[in-house]
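Atom set for the values below is all heavy atoms of this structure, side chains included, hydrogens, waters and symmetry mates excluded.
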Amino acid sequence: MEETSTMPDAAVPGPAPAVPPTPPVPLAALLAREDLGLRQIAGPQDSATVIHWAHTSEMADPYPYLLGGELLLTAGVHVPEAAGSGTYFDDYVSRIVEAGGAALGFGVAPVHDTVPRALVVACDDYGLPLVEVPPRTTFSGVARAVWQLMAQARHTELRRVTEAQQSLAAAAARPDPVTSVLRQLAQRVGGRATLYAPDGGEVASAGRMPGAGGAGGGGEVSGALAGLVAVVRPTTRDGSGGVSASGGGGGPTPSSASDTAAGVHLAAYALGTGQGFVLGVAAPRRDPGDHTIASVGAVLLSLLTGEHQSSTGAARSSALVRLLLGAAPEEVAPLLGGGERWVVVHARPDGPAPDAVTASALGAALGSALVDVDGDVVRVLVPAGHRELTVQPGWTCGVSAPVGSHDWASADTQAGRALSRARATRARLVRHGEHQGLADLVPPTEAAAHARTLLSPITANPALTETLRTWLSLHGSWDRTAVALSVHRNTVRQRITRCATLLSTDLDDPDVRMELWFALRHA
């Protein structure tokens, strides 16, 4: 007989999903559905019993077709007439339990008018919940209800993870970021979060140890967590410059590990700073989204501990202070370690507005930690020549020409205009032009004076000047200019008409356009 299953895709072996797995459904929630009319008639009444999917089988031995966690549905077609007087039901139920089945659903009608008494006894003996499915309820209706409950649970879990990510990112921006992230993480998992130093000591912690009388209690659990932390702690250098393996044992060190102690769920995450810091988490339960939430906390703590432990981070902080106190950019540039030439990158994500984590990831990909989130745009100051700036998946980028530190402001403007052009032309990356042309043969001072005179009628209105510049750069395209400036195309037309009137010129004349473009470049 053909086997059918309502097993979700998440149960199929494959790469680890990027989102939390679908939470299982409590059997009690399925029994509470009045439209199904299900009734548990045998087995333990345990609120912790959950089902991962529903599966229908009329095989006398369903063991080969079960993966574990199923609500197995059967109408008893496979049951022989003399089954009640032998060991048939004992054998049948024991095989389901051996396969890891979570519960058995028996449909009354059309084969059986009632659930066989021997099946009820066997389920009680083996501790398998037995659910009676009434004649009016189809197995497909039960499977659909399972899917609906799973979808609701999945939505709730994803919303919980999203809210946790937002709160953790906000905590990382507080004046006491490490403690704030640990406090928020402990609150989200309902337990305790601890940051361990490379030598195994506690740097900071927050929350209560599950099962302990106070925040510092639970010696057995605390010891087990410290042992788990030692497993994932990377190899570190001792004070004499030698190498010591704090994790012990040979082979590669795992980046994370989990365990249980005294009924408490434990997890440890090696922070990606190369300094030997580890995040330890103890929680009373392990929900599907907890690993994702803890991983976000680990990423944020990696950024924070890396910044505090890095001499480069200290130099960046020093450069910022000096700028705030009035130093010129060229004076602080050497502290940033980027050399004499820099480029500015403006990037906009394809999806939601960027946060601190996604912005830092972009900066790492571009080879710079000098990152600023400005609304829906990320600005990155990148040392020129350290690596080739290429298209970044999921981002639209505008790149300035290489400049000295004294021209950072101009490069920022160039990158912004390059990003606008990239968005208007649907290009992934646009670079500000750096080639030499006829216009470069004119002395800059004379070119600037000519530009001021020619553009004086519209100089007082920056919106007109920028619209004319963008419109000319996009070859007079109304639609692309509207996209680049985030305005309506009629607004573009009105502004260009106004420019033509104030300048007393014909903007359809290519010579006029060229002359204006020359002036705008030097204005």
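- Minimum heavy-atom separation, L381 to P383: O-CD, 4.1 Å.
- Within the structure, side chain to side chain donor-acceptor pair (under 3.5 Å) contacts touching residues 492-514 (residues at least two apart or in different chains) are T467-R495.
- In terms of heavy atoms, V264 sits closest to A282 at CG1-CB, 4.0 Å.
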Test log, rule salt bridge (charged side-chain N to carboxylate O under 4.0 Å, His left out), inputs E157 and R154
CA-CA 5 Å; E157 193 67 13; R154 176 59 170 265; over 6 Å; no
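- For the pair V403 and A411, the tightest heavy-atom approach, listed with the atom from each and the gap, is CG2-CB, 3.6 Å.
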L502 and N461: side-chain contact (heavy atoms from CB on, under 4.5 Å), yes or no, with the steps?
CA-CA 11 Å; L502 292 175; N461 193 328; over 6 Å; no
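- Across all non-hydrogen atoms, the minimal contact from Y269 to A298 is CB-CB, 4.0 Å.
- The backbone N or O of L464 sits nowhere less than 3.5 Å from a side-chain atom of E466 that would complete a donor-acceptor pair.
- Of all the heavy atoms in A193 and L182, the pair that sits closest is CB-O, 3.7 Å.
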side-chain contact (heavy atoms from CB on, under 4.5 Å) between V178 and V203, worked out
CA-CA 10 Å; V178 172; V203 177; 5.5 Å; no
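- Judged as a salt bridge (charged side-chain N to carboxylate O under 4.0 Å, His left out), the pairs with a partner in residues 475-486 (not counting sequence neighbours) are, in order, D479-R489.
- Annotation: side chain of R348 is not in contact with side chain of W395 (no heavy-atom distance under 4.5 Å).
- The aromatic rings of W342 and W408 sit perpendicular, their planes meeting at an angle over 60°, well past the 30° parallel limit.
- Inspection of the R452 and T459 side chains reveals no N or O donor paired with an N or O acceptor under 3.5 Å.
- Looking at every heavy atom in both residues, S473 comes nearest to W517 through CB-CH2, 3.7 Å.
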Intermediate values then yes/no, side-chain contact (heavy atoms from CB on, under 4.5 Å), R379 and V345:
CA-CA 6 Å; R379 302 189 299 174; V345 178; over 6 Å; no
D290/R160 under salt bridge (charged side-chain N to carboxylate O under 4.0 Å, His left out): CA gap, chis, key distance, verdict:
CA-CA 10 Å; D290 285 347; R160 183 176 80 94; 2.7 Å; yes
Check the pair L485, W471 against side-chain contact (heavy atoms from CB on, under 4.5 Å), reporting the backbone distance first and the verdict last.
CA-CA 10 Å; L485 298 177; W471 183 72; over 6 Å; no
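- Q184 and S167 form a side-chain donor-acceptor contact under 3.5 Å, judged by distance and modelled atom types alone.
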